[in-house]
There are 2 protein chains.
Amino acid sequence: MTTGKRRAPAGAAVLRGEITTAIRRALMQELAAVGYGRLSIEAVARRAGVSKTAIYRRWNSKLDLVLEVVNAAAGARLPALDTGSLRSDLALLFQVVAHALGHPLASQIIPDLLAEAARNPTIDETLQQVLRARQQEIVGRLISRAVQRGELPATTDPDVAVDLIVGPLYWRLAIARTPFTDSYLETLVDSVVRALGTADTLPRQREAPTPG
Amino acid sequence: MTTGKRRAPAGAAVLRGEITTAIRRALMQELAAVGYGRLSIEAVARRAGVSKTAIYRRWNSKLDLVLEVVNAAAGARLPALDTGSLRSDLALLFQVVAHALGHPLASQIIPDLLAEAARNPTIDETLQQVLRARQQEIVGRLISRAVQRGELPATTDPDVAVDLIVGPLYWRLAIARTPFTDSYLETLVDSVVRALGTADTLPRQREAPTPG
DNA sequence: AGACGTCGGGACGCAACCGTACCGTCGTTG
DNA sequence: CAACGACGGTACGGTTGCGTCCCGACGTCT
C-alpha cells in the first residue's frame, strides 16, 4: 500500500486569489442583473473573464457558489449601536440600513434571494441565519436596552418590533424603491418610536389623568 | 381589391375558454413554483395539459402572458373599508391583506414579481399600477377619513403612512413567512395606530400637562 | 535542474426551451 | 350539405446552459 503522502500543492498548482475574487464580484453583479432563477455559471464566467472550470474547481454547484458568497458578503460587521436612547439607536440603525440597501447590488439581490427562499429550503436556511436571525438579535438588544432605560415597557413584543422596524424601511428601499429624504427618515424614526411604545409607556405617566 | 369581408370565425375555429382558463391557472402555479426567471412556456403548457401553440395563439410572449394574467388577477375588488374609526379600518385592512397573502400562490408570486420588477421596467410599471398605486389610494382614503374624524393631524404624511401600514405586514407574511396569531394582528394594529399619530395627536389633549 | 501535479481554458455531449411551420380536426355558416 | 377557416398538437432548427474531459502552461519542491 502506498501510504505515501502526496506533497502539498505548490507552484502554479494553487488557486489564484485574484480569480476567486473576480468570480465573487461577477457573481454579485450577475445575481443583481438576472436574479437567482436565471443565473448561469457561464454568464458568471464570462463576466469574470474566466473559464467555467475555474468556477467548478472552487465550488460544486451554482447553489454552493451563491450560498458561500452570500454568506461571506453578509457575514460582515454589525456595529455596536448603543447611542444612549431608543430614538437615536433607531435613527442610527435606519441610517445604516438605508446606506446598505442604497447599494444597487444589495437592493436587487436581497429581494431576489428572499423570494427564491420561498421555494429553496437551502437558501431559506442561509438567509434565515445571515439576515433574519441577525435582525432579531439587533432589534432584541435594542429593545432590551430601551426597556432597561425605561423607554419601553418590559412587555414589548420583540416579534412585532422586528416587523415594525424592518418592514417599512425594507418596503420603501427594496420594494417600492422610492427616493427618500433625511426628513423622511426622521419622520419614520419618530413613528416607529411611537409604535413601539404602549399607551402607558412610562409607568409614572400612567396615572396622568386625561381630563374629559 | 377584394374588400370582401371574411365572415367571423365560427364553429371549431374559436378559442375554447376552458383552455384559456387552464393556461391561466397553470401560469399562476408555475410562477409560484419556479418564479418568473425560470418560467418556461413549455412547463406552463405541460401543467395545463395543453400545447405550446395554444398559448402562443393567445399571447405574444412570456411577458405578455404574465402581465395580462397578473393584471386580471390583481384587478379584482377593493372593499369599501369605512368602518368608523382609524383603528377598526386598519384592523379590517390588515385582516384582508393577511387573508390575501395567506394564499401560498400570492405569497410566492408577489415577492418574486416585485423582485423581478427591479430589473424589468414593464413588470415594474404593471405592479406600480395594480399594487402600489392601489395601496396609496386605499391608505390615502383611510388617512383622510381619519383626519376628518380628528383622529390624525392634517399634516400626516401619506408617504410614510403607506410604508408603515404595508411594510410590517408584508415583511411578516411574504418575506419572513412566520405564522401569526390574531393577537399579533391586534398588537400590530395598535402599534401602527400609535405610529401614525403625532405627539399631539388629539388637539384637545395637547395641553394635558405631564407633571415632572 | 528536473520532476511533479494542479492550474486555467477550450471543446464536447446532453438536455431544455424558444418560437414557428405544418397538418389533420371540427363546428358553424350559407 | 359542402366549404370555410381557425383550432390544437406534433415536429423542427437554433440557442443556451450544465457539468465533464483533456490539454498545454507554469511555479515550487527535491
Side-chain angles (χ1 to χ4, degrees), chain A residues 2-27 29-31 33-69 116 119-120 122, chain B residues 2-27 29-31 33-69 116 119-120 122:
Chain A
T2 52
T3 332
K5 270 199 177 182
R6 309 270 177 129
R7 65 184 188 189
V14 93
L15 286 175
R16 276 201 258 161
E18 45 187 299
I19 290 195
T20 306
T21 303
I23 295 175
R24 281 209 161 83
R25 193 195 326 274
L27 172 70
Q29 293 175 356
E30 200 64 24
L31 213 43
V34 305
Y36 180 84
R38 275 211 184 107
L39 184 74
S40 83
I41 297 292
E42 298 213 335
V44 174
R46 272 197 302 271
R47 190 188 285 266
V50 154
S51 78
K52 273 195 300 179
T53 317
I55 299 180
Y56 280 108
R57 263 191 221 286
R58 289 167 170 81
W59 295 277
N60 292 329
S61 67
K62 184 164 111 173
L63 186 57
D64 254 35
L65 170 59
V66 170
L67 290 184
E68 195 271 347
V69 172
E116 190 65 26
R119 35 187 115 83
N120 189 321
T122 313
Chain B
T2 52
T3 332
K5 273 199 174 179
R6 310 271 177 127
R7 67 184 188 191
V14 94
L15 286 175
R16 276 201 258 159
E18 45 186 303
I19 291 194
T20 307
T21 303
I23 295 174
R24 281 209 160 84
R25 193 194 328 272
L27 172 70
Q29 293 175 354
E30 200 64 22
L31 213 44
V34 305
Y36 180 84
R38 274 211 183 108
L39 184 74
S40 83
I41 298 292
E42 296 212 335
V44 174
R46 272 197 302 270
R47 191 188 285 265
V50 155
S51 77
K52 273 196 299 181
T53 318
I55 298 180
Y56 279 108
R57 263 191 219 288
R58 292 168 169 79
W59 295 276
N60 292 329
S61 66
K62 184 166 113 174
L63 186 57
D64 254 37
L65 170 60
V66 171
L67 290 184
E68 195 271 347
V69 171
E116 190 65 26
R119 36 186 114 84
N120 189 320
T122 313

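We use all heavy atoms of the structure for the numbers below, so side chains are in, but hydrogens, waters and symmetry mates are not. Every chain is numbered from 1 and lettered A, B, ... according to where its sequence line falls, protein lines coming before strand lines.
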Nearest heavy-atom pair of [X] and [Y]: which atoms, and what distance?
{"X": "B:R47", "Y": "B:A26", "value": "CD-O, 3.7 Å"}
{"X": "B:A22", "Y": "B:A48", "value": "O-CB, 3.7 Å"}
{"X": "B:V50", "Y": "B:A54", "value": "CG1-CB, 3.2 Å"}
{"X": "A:Y36", "Y": "A:K62", "value": "O-NZ, 3.7 Å"}
{"X": "A:I23", "Y": "A:V44", "value": "O-CG1, 4.1 Å"}

Length of the [atom1]-[atom2] vector between [X] and [N], whole Å:
{"X": "B:R57", "N": "D:dC7", "atom1": "CZ", "atom2": "P", "result": "5 Å"}
{"X": "A:I55", "N": "C:dG10", "atom1": "CD1", "atom2": "C1'", "result": "15 Å"}
{"X": "A:R47", "N": "D:dG17", "atom1": "CZ", "atom2": "C1'", "result": "16 Å"}

* State which of D:dG9, D:dC26, C:dG27 makes the closest approach to the side chain of A:A12. => D:dC26
* Once each nucleotide of nucleotides 14-21 of chain C is scored for protein heavy atoms under 4.0 Å, what B/S/- sequence comes out, 5' to 3'? -> ---BBBBB
* Looking only at side-chain N and O atoms, does A:S51 come under 4.0 Å of OP1 or OP2 in C:dG9? -> yes
* Asked: OP1 or OP2 of D:dG8 less than 4.0 angstrom from a side-chain nitrogen or oxygen of B:R58, does that happen here?
  -> yes
* **More than 12 heavy atoms of other groups within 6.0 Å of A:R25 CZ** => no
* Strictly below 4.0 Å, heavy-atom distances to any atom of DNA chain D: list the hits from residues 13-24 of chain A, or just say none. => none
* Asked: Partners of B:R58 by side-chain hydrogen bond (donor to acceptor under 3.5 Å, both in side chains), sequence neighbours excluded?
  -> B:T20
* Side-chain contact, heavy-atom cut-off 4.5 Å: A:L27 with A:L39? -> yes
